[in-house]
Amino acid sequence: MWFFRSPLIVFGEDALSELEQIQGQKAFLVTDAMLQSLGLVNRVEERLRAAGLECEVFSQVEADPTLETVQRCAVAMSAYAPDWVIALGGGSVMDTAKSAWFLYERPDLPLDSINPVEDFGLRAKARLVLIPTTAGSGSETSFGAVIKDPQTRQKLELGSYEFLPDLAIVDPSLSAGMPPQLTADTGVDALSHALEGLNSTWSNDFSDALAIHAVRLIIEYLPRAVKNGAADLVAREHMANAANMGGLVINNANIALAHAFGHSAGAIFHLPHGRVTALFLPYVIEYLNCGGLGRYQQVAAVLGLPAQDEDQAARNLAQFVRAFLEQLGLPTTLAQAGVSRQQFEQEFSVLCANAQMDTGMVMSRRIPSLEEIERLYECAYHGRQVDF
Ligand SMILES: [Zn+2]
């Protein structure tokens with residue numbers, strides 16, 4: 001027996017106008033300084049005011065948000081006592097909003113008590129709306145939130161199905177102005193969610209359908225979105241939807257090895273989540289394939305990669321993903337990502353230990369030993385093919 005979990009999603013042109021249907025008194029808007037300066041926050045505030053809500057803005061979320069930011073946001077939120085929490089931004093903003101909202105709802109509990117099995121009775125004080133301005137993290141439809149703990153240099157992975165928003169608003173006009181690098185970095189995160197979901201032990205017919213179509217959309221539209229920017233709203237819309245589907249894949253199948261490797265490396269070497277996670281995809285595909293446990297034939301067929309069997313499909317797909325990342329100007333090795341050999345060696349044992357502890361390990365169809373984790377990192381550092 002299984003469940004399919006999804007929030008209510010409003011998508012497409014002018015989806016933002018749905019905010020005017022909200023009923024309540026006070027909205028607390030979580031966002032970042034850049035979005036405020038671009039005028040996107042104003043667009044949301046106008047809609048909320050049209051719905052008769054007062055509004056307060058917290059715009060101090062940074063990329064890769066820390067526990068301290070979440071705490072500060074929660075203090076401001078609690079002081080304002082809203083009945084709606086609205087997040088406008090990328091994964092960092094949405095994850096901060098989810099986490100701060102948890103602390104507002106449950107001040108009696110620490111953040112690391114969040115887990116997917118317990119019922120926390122959220123929504124006693126406020127409901128949640130998530131509005132992505134990037135196309136990648138899929139946080140708007142997923143049960144997860146990732147927050148950095150600078151003290152341990154680890155990513156805290158928080159998951160609760162109560163984190164699914166009351167409403168996800170996916171309006172492609174909000175991501176249209178993203179610069180090319182951010183478009184590429186975030187877009188390949190959605191690719192990781194889709195490919196990881198296919199190879200999670202929780203994958204199922206529903207998540208497979210979403211994952212395979214998301215991959216198809218990303219391969220077709222991400223290069224266009226990077227190249228054409230705001231001029232190509234068709235590409236922006238398909239990417240916004242693909243990212244959203246990627247979030248649903250996380251929800252209903254979960255992420256796996258590339259995220260375990262990416263979370264650890266991203267926290268230690270300060271690399272953007274999407275960029276560093278996608279970097280590991282080819283190595284993970286090869287590793288699963290060497291163990292005879294990959295499920296790549298269907299997706300390879302959809303991408304038009306000829307293959308007679310699973311082994312060939314996985315090899316072709318790994319090469320295809322490498323070329324795709326290169327086409328987008330993204331690194332395919334840790335060295336290319338800017339990690340020096342000295343840094344790599346210095347942090348190697350922590351890097352591997354943290355990856356082994358990551359929840360992404362648990363759901364993988366093949367789980368590497370510590371020795372294999374070390375070898376995988378070495379391969380990803382130099383760009384060597386995985387043959388074990
Ligand atoms: Zn991700």
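Both counts, for ligands and for their atoms, begin at 1 and track the order of listing. When reading the values below, keep in mind they use all heavy atoms of this one structure, side chains included, and skip hydrogens, waters and symmetry mates.
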### Summary
Residues Glu140 and Leu130: closest non-hydrogen pair is CA-CD1, 3.7 Å
### Message
Please tell me whether Arg106 and Ser113 have a donor and an acceptor in their side chains that are separated by less than 3.5 angstrom.
### Response
no
### Task
Determine whether the side chains of Ser139 and Lys98 contain a donor N or O and an acceptor N or O closer than 3.5 Å.
yes
### Message
Determine whether a donor-acceptor pair (N or O, by modelled atom type, separation under 3.5 Å) exists between the side chain of Glu105 and the backbone of Arg123.
### Response
yes
## Note on the structure
Any protein N, O or S atom under 2.8 Å from the Zn ion (ligand 1)? Found Asp189 OD1, His193 NE2, His259 NE2, His273 NE2
### Task
Report yes or no: is the cationic atom of Arg375 (NZ for Lys, CZ for Arg) closer than 6.0 Å to the six-membered ring centre of Tyr283, at no more than 45° off its axis?
no
### Query
Any cation-pi pair here, Arg5 with Phe143, using under 6.0 Å and within 45°?
no
